[in-house]
Amino acid sequence: MAFDTLGLKEWIVKQVSTVGYRTPTPVQVNCIPPILQGKDCIGCAKTGSGKTAAFALPILQKLAEDPHGLFALVLTPTRELAYQIADQFRVFSRPMNYKDCVIVGGVDMMKQSLELAKQPHIVIATPGRLAGHLQTAHSISLKKIKFLVLDEADRLLDASFAEDLRVIFDSMTKERQTLFFSATLSDSLNRLQQLAVNKPFCWQAPLDSVTVELLDQKYVLVPAKVKDCYLINILQTLHDEEEKTLILFTNSCRNCHVLTLLLKTLGFSCTCLHSLLSQGERLASLAKFRSKKTRMLVCTDVASRGLDIPSVHVVINTNVPASPKDYVHRVGRTARAGRDGVAITLVTQYDIQRLHNIESHIKTRLEEYHVSEHKALKHINLITITRREVELKLSQSNFGENRKLHFTKRKLLEAKKLKKQPKKKEQ
Ligand code: AMP
């Protein structure tokens, strides 16, 4: 199968081949033709299987036929993913006259309003900031959009986005095509079918396993108290074997920050990504990792969805995620687009049930990764003391204070809004 058999025009097929895509992936083969035919679409395929091009290519082709006003809105759950999708649109659209705008939090709203005033064809946004523009700045109208895309759609349906999505959906007319994509959609299919305006075409990759075959999935049993020692031993081994590019997932911003400082103090070169960093710091950190200035990224689940960094060899879960879906997205940061990769999950005595839940969800048994206890505990004193010092330093800094202020401000605004609303009559 070739790209030109999917109904794509010659110019876009040529552009795709300059990017290095030779043959379309299954999600592209199956979703591009119905999207070009005007159908709503629900596409569910494994992480790293080419979902972005599956919606970007038909949207750009349709845009080239009728390049007027705001044509498409792409919603994603994280800021980094929004920038990444925008980059892909820019690459595919090179031969045409094209303008887009990324609307995410952590960036000056006034500047964004000015960008929106330049009338982009495509807006790629996170729901919170877009809802802010619709409600307060009135700098964008969604009335005439032809395409709405929800990337990582199941995550966007989480309760945390519900209010923002309501604002966005209320601002749109129903004359549009709606496209939903994710690797983990099965639980959300019913809700998505309701959100689509027309009866959607639904394509799901064959469910032999949820994760890709080229991913080697391992677990390490570690006593909770000495987890750091085991982790550092694993990092040292991977570093000694050959220099690998690694992503380490942690379960909170604080743990992410502490682990980064701990690793740096112990001599590892790494950078971190979590939502308590400023947007500038987040982008700088990711750029450093993408450009291989540092080969280790310590992050929270803010990086678990969609980020496409092909050179990542290893994903390490320093905790077992409570939701098997989060596991699937985390490990999907490696073994992308036909490459192989390794995922190692640290499992303590308290996590066995979670591990079983993940194994039954992905229909795969994880193999044990052996770590010598003797070697792991060799530097226990140094590691324990360093962690204590790092934690002390962090508690003396104002880590997380901005978030607390932001939260209080939001609560006050919400309370003010509630006060303004007319009271319902008592029955
Ligand atoms: P995505 O699932 O959209 O994040 O894509 C994952 C990776 O696959 C990205 O690095 C894409 O550039 C790459 N990719 C997407 N489609 C193709 C294709 N048809 N051939 C080769 N690589 C592709």
Side-chain angles (χ1 to χ4, degrees), residues 1-9 12-33 35-36 41-61 72 74-94 100 102 122 124 147 149-156 179-185 203-205 210-215 245 247 286 289-292 302-313 315 325 328-341:
M1 183 72 77
F3 276 101
D4 56 4
T5 60
L6 305 180
L8 292 169
K9 296 267 160 61
I12 209 160
V13 173
K14 224 171 163 185
Q15 184 56 16
V16 158
S17 79
T18 58
V19 177
Y21 296 3
R22 298 279 165 265
T23 48
T25 63
V27 66
Q28 293 159 3
V29 169
N30 287 283
C31 295
I32 290 176
I35 297 174
L36 285 173
C41 175
I42 300 179
C44 183
K46 293 175 191 179
T47 51
S49 58
K51 289 188 283 288
T52 317
F55 62 78
L57 299 178
I59 288 179
L60 286 171
Q61 173 156 319
V74 182
L75 292 175
T76 81
T78 71
R79 301 169 185 179
E80 287 72 20
L81 197 46
Y83 286 109
Q84 181 181 293
I85 292 171
D87 283 343
Q88 291 222 32
F89 266 101
R90 284 167 205 166
V91 170
F92 297 138
S93 65
R94 237 167 241 158
D100 67 37
V102 176
I122 295 185
I124 301 116
F147 280 95
V149 182
L150 265 69
D151 191 33
E152 305 295 342
D154 56 323
R155 173 78 182 93
L156 288 172
L179 317 177
F180 302 107
F181 283 91
S182 184
T184 46
L185 278 179
W203 185 75
Q204 200 157 7
V210 184
T211 44
V212 292
E213 291 73 22
L214 288 167
L215 175 65
T245 305
I247 295 188
L286 205 54
F289 184 62
R290 272 190 204 277
S291 64
K292 299 188 188 158
V302 78
S304 70
R305 293 257 180 176
L307 277 192
D308 181 45
I309 304 172
S311 56
V312 175
H313 301 111
V315 164
K325 262 206 238 173
V328 171
H329 286 282
R330 284 180 177 193
V331 302
R333 296 316 98 219
T334 182
R336 296 180 70 75
R339 293 180 179 82
D340 56 11

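Nothing fancy with the numbering, it's 1 onward along the sequence. Counting starts at 1 for both ligands and their atoms, in listed order.
Side-chain atoms of Ile35 and Phe147, non-hydrogen and from C-beta on, do get closer than 4.5 Å to each other.
The protein residues lying under 4.0 angstrom from ligand 1, judged by non-hydrogen atoms, are Phe3, Tyr21, Thr23, Pro24, Thr25, Gln28, Gly48, Ser49, Gly50, Lys51, Thr52, Asp308, Arg336, Ala337.
The closest donor-acceptor contact from the side chain of Arg290 to the backbone of Asp308 lies under 3.5 Å.
Listed by chain and residue number, Glu152, Asp154 satisfy the salt bridge (Lys or Arg N to Asp or Glu O under 4.0 Å) test with Arg305 (two or more places apart in sequence, or in another chain). Legend: residues meeting side chain to side chain contact (heavy atoms under 4.5 Å, CB included) with Ser49, ordered by chain and number and at least two apart, are Val27, Ala45, Lys51. Partners of Arg339 under the side chain to side chain donor-acceptor pair (under 3.5 Å) rule, at least two apart in sequence or in another chain, do not exist in this structure.
Between Phe55 and Phe181, the ring planes are tilted. Angles from 30° to 60° get that label.
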